[in-house]
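Written below as structure tokens is the structure these notes are about.
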Amino acid sequence: MDIKEIVKEENLVYKKSMVLTDKEMHYCPGCTHGVVHKLIAEVIDEMGIQEKTIGVAPVGCAVFAYDYLHIDWQEAAHGRAPAVATGVKRLLPDKMVFSYQGDGDLAAIGTAETIHACNRGENIVMVFINNGIYGMTGGQMAPTTLKGMKASTCPFGREPQQDGNPLKITELLAQLPGTSYVTRHSCHTAAAVRKTKKALRKAFENQQQKKGTSLVEVVSTCSSGWKMTPAKANDWMVENMFPFYPLGDLKDE
Amino acid sequence: MKELKLMKGNEAIAEAAIRCGTDGYFGYPITPQSEIMETLMAQQPWNTTGMVVLQAESEVASINMVYGGAGCGKKVMTSSSSPGVSLMQEGLSYMAGCELPCVVVNVVRGGPGLGTIQPAQSDYFQSVKGGGHGDYKLITLAPASVQEMADFVELAFELAFKYRNPALILSDGVIGQMMEKVELQPQQPRMTEEELIEKYGSWATTGKTADRERNIITSVELASEEMEAFNYKLQAKYKAVEENEVRYENYMCDDAEYLLVAYGSSARICQKSVEIAREKGIKAGLLRPITLFPFPTKPIQDIAKHVKGILSVEMSAGQMVEDVKLAVNGSVSVEHFGRFGGIIPSPDEVVKALESNFIEG
Amino acid sequence: MAKAKGAIVVDTVKCKGCELCMVACPTKVIEMAREVNAKGFHYSQMGNPEACIGCTNCAMVCPDSCITVYKVKA
């Protein structure tokens, strides 16, 4: 069959969500951020909540997340997204509010804001991109950098005595009574991407049902920071990140 | 209906906040201003006006909750005392950079560090010179009575929204803890969503409807030309504030030969000092800046033309005195007198300082 | 057995040549072009269009939302 016969509007099965802007993303090739942005856009699109959703962008690689989704955004100071999201949601309780944060933002500089927003059970969605490295500033150690994993500020590998231990903040947050849904996913295969999308959808639905805080961690790659091709980074993540950050629901109430 | 009450300055702030239709308060307890949140929590305004009141986990969190609420076009505020306000400087810089309105109350205590819980005025520099990183200013109001504590809440919101910039009420432990008679304004309704979208829909994040572009609250701009242009815009705004919003009060300045300049609780003390000095035959007057930024530069210049000396009186080691000196630009001698670390100067001490600096020898 | 027949259209201007779509494709349809786009990336394209089943896996994993997928029942 000729391709022209197939490429017709009536045969369309997948296209870019209208909630995504046309702006070219500044992320490196293969970056998981782009996939997660797309999934959030699709969930917003499918749930029909574009006019109600307010995103809170972090400091880190996703500092310009607001360029890519056709919704209202606030860009928070480093680590403060959960506090900013709290302010937005408390003042506009009928809106859908989510924070989008990396590991440095959520689990290092913003640990207090993260824990207390979750502990209060703020009725928001928190999306947590964990790639174990600081991409934006050039590959420094993150709170979630694995033992032995190299970064520019632990060039010989993370040594717990010197550098401290990798932080399983998601496990910690799952223990808090304010969180209703805490789950860990990835985007390394199409199946994994579909699961992540389901999790995000559920998180936003939880907010509609006023269930408290939903946290979706996405174990992610940083091919630039890890100094590998995107495909190799996926393999490395499966082999090294998943054993320490196992996928699946930590809490679903 | 207006209401007359005897209350603490801190309580007056809380009462006035509810009555002027504030949408939200976020704070963290610290002496000597904890009564503000305690009063709010006791009043439970969420049951009456729908005002949100939340105790945050830190001042860092409270100012960022304020950021979130302000970004939605809401009338939101926080309060703290010196060490807590230091923690808020990051958030305030971001809010100035995003041009977000809010009200912050600083009931100042003595520092540096954890310092003392006693009153001081040693946060002047932090308040009027920016405080955090970057070129920005806070519109700064200095109440000198419990009545002004109440009145300045609405005024601070007015100015904050007029210029889309954080406004600071710079009080101190004296005014915060002192009880006075205060006339409270009648309850104003909070703004409805429709009114808010009508007024602030061009920038507030209220949800991107089909009829408008996305609203984005951000202070990041990597293109230096753009960032410089934005800074020029900010500076033009601060110039407009300086031209339009100077507020001050003169006390016996017309025939004064010596001028005291003092704000807040120091001004109350200096009012008595003026009387004592005059009884001694020293023609003293007092200029009380009500706005510290914008500073009453011009009124001080005008009085400087007919006085022999100016004494800046502050509960600090000498901060506002620099702005007084800049105002008169060497045309007349300017000295500083202050007690600090939590000590409140007596009116007599001020007169003595006036005499020793300008009259004796 | 009725087998689905698919095709993809790649936004070759936006494609950053990360190759993740190529890895994700179950029927080895996708190859990277020898040519580069304006950004200097070898963009992805259908090298073996006959094999495409329109499963959307490539589009799902694409970080830059470059891929549109069409499908017909063959």
Side-chain angles (χ1 to χ4, degrees), chain A residues 1-42 61 68-69 186-197 220-224 228-235, chain C residues 2-32 36-74:
Chain A
M1 192 185 269
D2 191 62
I3 289 172
K4 279 182 194 150
E5 295 288 304
I6 307 170
V7 179
K8 283 180 179 168
E9 194 60 31
E10 65 261 33
N11 298 330
L12 181 74
V13 286
Y14 187 92
K15 68 164 186 175
K16 179 170 128 353
S17 163
M18 294 303 284
V19 174
L20 281 175
T21 66
D22 288 328
K23 180 144 181 156
E24 206 167 287
M25 293 192 188
H26 70 284
Y27 302 115
C28 307
C31 179
T32 316
H33 276 305
V35 183
V36 181
H37 285 15
K38 168 179 72 182
L39 297 181
I40 295 171
E42 288 175 6
C61 284
Y68 308 127
L69 266 69
S186 72
C187 290
H188 65 301
T189 63
V193 173
R194 289 187 179 99
K195 276 189 190 168
T196 303
K197 183 174 169 182
S220 303
T221 62
C222 176
S223 58
S224 297
M228 310 173 190
T229 64
K232 273 263 167 55
N234 271 337
D235 296 342
Chain C
K3 211 176 131 193
K5 188 76 194 66
I8 61 168
V9 175
V10 178
D11 183 338
T12 56
V13 176
K14 274 194 173 178
C15 177
K16 293 175 185 159
C18 74
E19 304 184 7
L20 290 179
C21 54
M22 194 173 79
V23 177
C25 177
T27 54
K28 300 196 168 18
V29 172
I30 299 172
E31 63 174 21
M32 306 316 286
V36 292
N37 61 18
K39 294 192 293 272
F41 293 122
H42 295 280
Y43 51 84
S44 71
Q45 61 185 22
M46 286 201 289
N48 180 17
E50 286 307 308
C52 182
I53 54 170
C55 71
T56 72
N57 279 8
C58 54
M60 288 310 291
V61 301
C62 175
D64 294 284
S65 300
C66 300
I67 303 176
T68 310
V69 186
Y70 299 85
K71 184 177 178 179
V72 288
K73 285 197 178 102

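Protein chains get the first letters and strands the later ones, always in sequence-line order, with residue 1 at the start of each.
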Calculate, to the nearest 0.5 Å, the distance between atoms [atom1] and [atom2] belonging to [X] and [Y] respectively.
| X | Y | atom1 | atom2 | value |
| --- | --- | --- | --- | --- |
| Tyr70(C) | Glu10(A) | OH | CD | 10.0 Å |
| Thr229(A) | Leu20(C) | OG1 | CG | 8.5 Å |
| Lys5(C) | Ile3(A) | NZ | CD1 | 7.0 Å |
| His37(A) | Ser65(C) | NE2 | OG | 10.0 Å |

Based on non-hydrogen pairs under 4.5 Å, which of [options] is most in contact with chain C?
| options | answer |
| --- | --- |
| Thr189(A), Val36(A), Val193(A) | Val193(A) |
| Thr32(A), Leu39(A), Val35(A), Val13(A) | Val13(A) |
| Ala41(A), Cys31(A), Ala192(A) | Cys31(A) |

Below 4.5 Å from any heavy atom of chain C, which atoms of Leu20(A) appear? Answer side chain, backbone, both or neither.
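The side chain, not the backbone.
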Part of Lys23(A) within contact of chain C (heavy atom distance under 4.5 Å)
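When you check distances to chain C, only backbone atoms of Lys23(A) fall under 4.5 Å.
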Which bit of [X] is near chain A, if near means a heavy-atom gap under 4.5 Å: side chain, backbone, both or neither?
| X | value |
| --- | --- |
| Cys21(C) | neither |
| Val9(C) | side chain |
| Ile8(C) | neither |
| Asn57(C) | both |

Is it the case that over 12 heavy atoms from other parts of the model lie below 6.0 angstrom from the NZ atom of Lys8(A)?
yes
Side chain proximity check, Asp11(C) to Lys16(A), heavy atoms < 4.5 angstrom
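Sidechains of Lys16(A) and Asp11(C): no contact.
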Going by the rule salt bridge (charged side-chain N to carboxylate O under 4.0 Å, His left out), which residues pair with Glu5(A) if we only count those two or more places apart in sequence or in a different chain?
none
After noting the C-alpha distance and the side-chain angles of Met60(C) and Thr196(A), does the key distance pass the side chain to side chain contact (heavy atoms under 4.5 Å, CB included) rule?
CA-CA 11 Å; Met60(C) 288 310 291; Thr196(A) 303; over 6 Å; no
Taking all heavy atoms of Pro29(A) and all of Cys18(C), pick out the closest pair and write down the distance.
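For Pro29(A) versus Cys18(C), the nearest heavy atoms are C-CB, 3.7 Å.
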Shortest non-hydrogen contact from Ala7(C) toward Val7(A)
CB-CG2, 3.9 Å
Taking Met25(A)'s backbone N and O only, do any of them form a donor-acceptor pair with Lys16(C)'s side chain (distance below 3.5 Å, no angle check)?
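Indeed, once roles are kept as given, a pair shorter than 3.5 Å links the two residues.
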Side-chain donor or acceptor of Lys71(C) paired with backbone N/O of Tyr14(A) under 3.5 Å:
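Flag not set: sc Lys71(C) to bb Tyr14(A) has no pair under 3.5 Å.
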Sort out for me which of Lys39(C), Met46(C), Glu19(C) touches chain A most, counting heavy-atom pairs under 4.5 Å.
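Result: the option with the highest number of such pairs is Lys39(C).
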